[in-house]
Amino acid sequence: MPDASILTIIPQTELRVKIHRALEESKVEMRESMTGQQGLQMLQREKAQVVLIQEVPGSLEPKEIIREIKRISPEQPILVLLHQHSQQK
């Protein structure tokens, strides 16, 4: 039995895989979504203890998804991963 459940809404495959690998040894149930709409559908079918969502620069979708999650479940904990672009010299 998992100790916790996390729903990730992360369109970037590389980041999603890194998070999954980092948590695969723990007793955490991971449910993964590439899109906000898919994540909302998954959350409506089965609640998660935490939702982890990636904010993509220039996209309004994460903000809209967060509003919808809070409308459905106001107490739902949400962690937002912010994208930071860095230039290496």
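Residues Lys47 and Ser5 come closest through the heavy atom pair O-OG, 4.0 Å. Closest non-hydrogen pair, Glu75 versus Lys70, comes out as C-NZ, 4.2 Å. A pairwise comparison of heavy atoms in Leu40 and Ile69 identifies CD2-CG1, 3.6 Å as the closest pair. Of all heavy-atom pairs between Gln37 and Ile65, the closest is OE1-CD1, 3.9 Å. When all heavy atoms are compared, the tightest approach of Thr13 to Met34 is OG1-CE, 4.3 Å.
A donor-acceptor pair under 3.5 Å is formed between the side chain of Arg16 and the backbone N or O of Ile10. Side chain of Glu46 to main chain of Met42: no donor-acceptor pair is present (N/O by atom type, distance under 3.5 Å, no hydrogens or angles). Counting only distance, with no hydrogens or angles, the side chain of Gln76 and the backbone of Ala48 share a donor-acceptor pair below 3.5 Å. In this structure, Ser33 contributes its side chain and Gly39 its backbone to a donor-acceptor pair below 3.5 Å.
Take Lys18 and apply the side chain to side chain donor-acceptor pair (under 3.5 Å) test, not counting sequence neighbours, and it matches Glu14.
In this structure, Leu7 and Val50 have side chains that are not in contact, with every pair of non-hydrogen atoms separated by 4.5 Å or more. Annotation: side chain of Ile9 is not in contact with side chain of Leu52 (no heavy-atom distance under 4.5 Å). Side-chain contact check for Thr8 versus Arg31: every heavy-atom pair is 4.5 Å or farther apart.
We find the CG-CE distance between Leu23 and Met30 to be 5.5 Å, quoted to the nearest 0.5 Å. Put simply, CG on Leu15 and CD on Gln54 are 5.0 Å apart, with the number rounded to the nearest 0.5 Å.
Looking at Arg71 and Glu68, a side-chain N of the basic residue comes within less than 4.0 Å of a carboxylate O on the acidic one, giving a salt bridge.
Checking each of Leu81, Ile66, Leu79 against Ile53 for a side-chain contact (heavy atoms from CB on, under 4.5 Å) leaves exactly one that passes, namely Ile66.
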